[in-house]
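Here is the structure we will look at.
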Amino acid sequence: MKLSLSQIWKHPRFRFLLKILFSIAALWFVYARVDLSAVLQLTGSIPVYVFILSLVLYNASQVMSSKRLLLFLHKESINISYVENLKLYYQGMYYNLLLPGGVGGDGYKAYRFKKDGGIPVKHSVRALLTDRVNGAMALMLLSASGILLIPNFWMTDFKIWIALSMVLALLVSGVFIIEFFEHYSSVWWKALGLSLLIQGLQVVGAVLLFYALQVEISSLPAYAAAFLAGSLASAIPVTVGGLGARELVFIYAAKILAINTEKAIAVATLFFFLHVISSLPGLFVSARADFINPTPTKLISKSEKAS
């Protein structure tokens, strides 16, 4: 049986293979431009207690991410409890990173909502997409804020433009929500606050790693801004767990922000390990199959049929 190109492209394992290849290519590009022995030495020099503290902060951010997603799920009448949603969130992290086969974390969640509660896929996907957009908005705002804090970076006029762009981003996001996601307008700004807290926790974890590598305090805003830009790039689903994407951003950010490339790549490597370790619980936890109250779903289905 021959498969057409479109069938091959749509096959999840083929897309997963492409992600692996893209990650390998990105890492090859990065490590061909840095001193690999220096990166390995820096990575191994991080005190264990600093790594553990960063791990705790990263998982605290994931707990808050689960809470943010819950705001959007409840607006879709997906009545999952916080504990069960947290379990499902970690399962999604595992599927997104460690399970070969191309089953994304969001896809797995949508599948579970459909299978266990009869939730129409478009409702869960809409909530998951809005959650992603909200998180990306926080990343952009914090990245711009980090640039504003960099001493003597380019020109004062440039910083003013960044500040204005931050205000414009907030205004645009408000209009965007009103026009396209009016259903979530009552929880959008609360979710954005959570997103800022989530990314803030991750930045603190990264800053601890940079500080352990003897980065000067005055240089930390530049490293933090590069880290946030890398986080935004790693959220684009073209690599395996963001592996290679954050490193690529650091390579180019090093030229613009005058940061140490080897130290930046070392922290990117350590952060990927944090992500992998944090995803492991998803292999062992299991959300209950009856965690969704089917009543709201039935009401949704009836209203859709009526319309």
### Task
Let me see the working for Phe113 and Leu73 under side chain to side chain contact (heavy atoms under 4.5 Å, CB included), right down to the final yes or no.
CA-CA 10 Å; Phe113 292 139; Leu73 292 177; 3.8 Å; yes

Taking the side chain as everything from C-beta on, heavy atoms only, tell me whether [X] gets closer than 4.5 Å to [Y].
{"X": "Leu192", "Y": "Met137", "result": "yes"}
{"X": "Val207", "Y": "Val203", "result": "yes"}
{"X": "Glu76", "Y": "Ser124", "result": "no"}
{"X": "Val267", "Y": "Lys263", "result": "no"}
{"X": "Leu213", "Y": "Ser45", "result": "yes"}

Taking the inter-plane angle between the rings of [X] and [Y] on a 0 to 90° scale, is it parallel (under 30°), tilted (30 to 60°) or perpendicular (over 60°)?
{"X": "Phe72", "Y": "Trp188", "answer": "tilted"}
{"X": "Phe250", "Y": "Phe210", "answer": "perpendicular"}
{"X": "Phe272", "Y": "His275", "answer": "perpendicular"}

Which distance, rounded to the nearest 0.5 Å, do you find between the [atom1] of [X] and the [atom2] of [Y]?
{"X": "Ser65", "Y": "Leu70", "atom1": "OG", "atom2": "CG", "result": "12.5 Å"}
{"X": "Ile198", "Y": "Leu139", "atom1": "CD1", "atom2": "CG", "result": "10.0 Å"}
{"X": "Arg112", "Y": "Tyr108", "atom1": "CZ", "atom2": "OH", "result": "4.0 Å"}
{"X": "His123", "Y": "Arg126", "atom1": "NE2", "atom2": "CZ", "result": "5.5 Å"}
{"X": "Leu194", "Y": "Leu71", "atom1": "CG", "atom2": "CG", "result": "6.0 Å"}
{"X": "Leu88", "Y": "Leu69", "atom1": "CG", "atom2": "CG", "result": "8.5 Å"}

### Query
So Tyr90 and Gln62, side-chain hydrogen bond (donor to acceptor under 3.5 Å, both in side chains) or not? Walk me through it.
CA-CA 8 Å; Tyr90 271 90; Gln62 298 308 302; over 6 Å; no

Is it the case that one hydrophobic cluster holds both [X] and [Y], taking links as side-chain heavy atoms less than 4.5 Å apart, direct or via other members?
{"X": "Leu201", "Y": "Leu270", "answer": "yes"}
{"X": "Val48", "Y": "Val204", "answer": "no"}
{"X": "Tyr49", "Y": "Ile46", "answer": "yes"}
{"X": "Val121", "Y": "Leu128", "answer": "no"}
{"X": "Val56", "Y": "Leu209", "answer": "no"}

Is it the case that the side chain of [X] and the backbone of [Y] share a donor-acceptor pair, with hydrogens and angles ignored and the cut-off at 3.5 Å?
{"X": "Thr269", "Y": "Ile265", "result": "yes"}
{"X": "Tyr184", "Y": "Ala127", "result": "yes"}
{"X": "Arg33", "Y": "Phe29", "result": "yes"}
{"X": "Asn85", "Y": "Ser66", "result": "yes"}
{"X": "Ser54", "Y": "Gly205", "result": "yes"}
{"X": "His183", "Y": "Lys75", "result": "yes"}
{"X": "Glu247", "Y": "Ala26", "result": "no"}

### Query
Can the ring centres of Phe227 and Phe271 be said to be less than 6.0 Å apart?
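Distance test on ring centres: under 6.0 Å, yes.
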
### Task
Could you tell me which residues satisfy salt bridge (charged side-chain N to carboxylate O under 4.0 Å, His left out) with Arg132, sequence neighbours excluded, listed by chain and number?
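Residues passing salt bridge (charged side-chain N to carboxylate O under 4.0 Å, His left out) with Arg132: Asp106.
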
Of the non-hydrogen atoms in [X] and [Y], which two are nearest, and what is the gap between them?
{"X": "Ala222", "Y": "Ile259", "answer": "CB-CG2, 3.8 Å"}
{"X": "Gly135", "Y": "Arg68", "answer": "CA-NH1, 3.5 Å"}
{"X": "Ile217", "Y": "Pro221", "answer": "O-CD, 3.6 Å"}
{"X": "Val50", "Y": "Leu208", "answer": "CG1-O, 3.7 Å"}
{"X": "Ala138", "Y": "Ser195", "answer": "CB-CB, 3.4 Å"}
{"X": "Ser234", "Y": "Ala245", "answer": "CA-CB, 3.8 Å"}

Any chance [atom1] of [X] has more than 12 other-residue heavy atoms, nucleotides or ligands included, within less than 6.0 Å?
{"X": "Phe22", "atom1": "CZ", "result": "no"}
{"X": "Trp189", "atom1": "CH2", "result": "yes"}
{"X": "Tyr252", "atom1": "OH", "result": "no"}

### Task
With side chain to side chain contact (heavy atoms under 4.5 Å, CB included) as the test, would you mind laying out the steps for Leu55 and Ser278 before giving the verdict?
CA-CA 8 Å; Leu55 180 65; Ser278 300; 3.4 Å; yes

### Verdict with supporting geometry, Ile277 and Tyr58, side chain to side chain contact (heavy atoms under 4.5 Å, CB included)
CA-CA 10 Å; Ile277 294 171; Tyr58 182 80; over 6 Å; no

### Task
Give the C-alpha distance, both sets of side-chain angles, the deciding distance and a yes or no for side chain to side chain contact (heavy atoms under 4.5 Å, CB included) between Val39 and Glu262.
CA-CA 5 Å; Val39 171; Glu262 280 73 25; 3.9 Å; yes

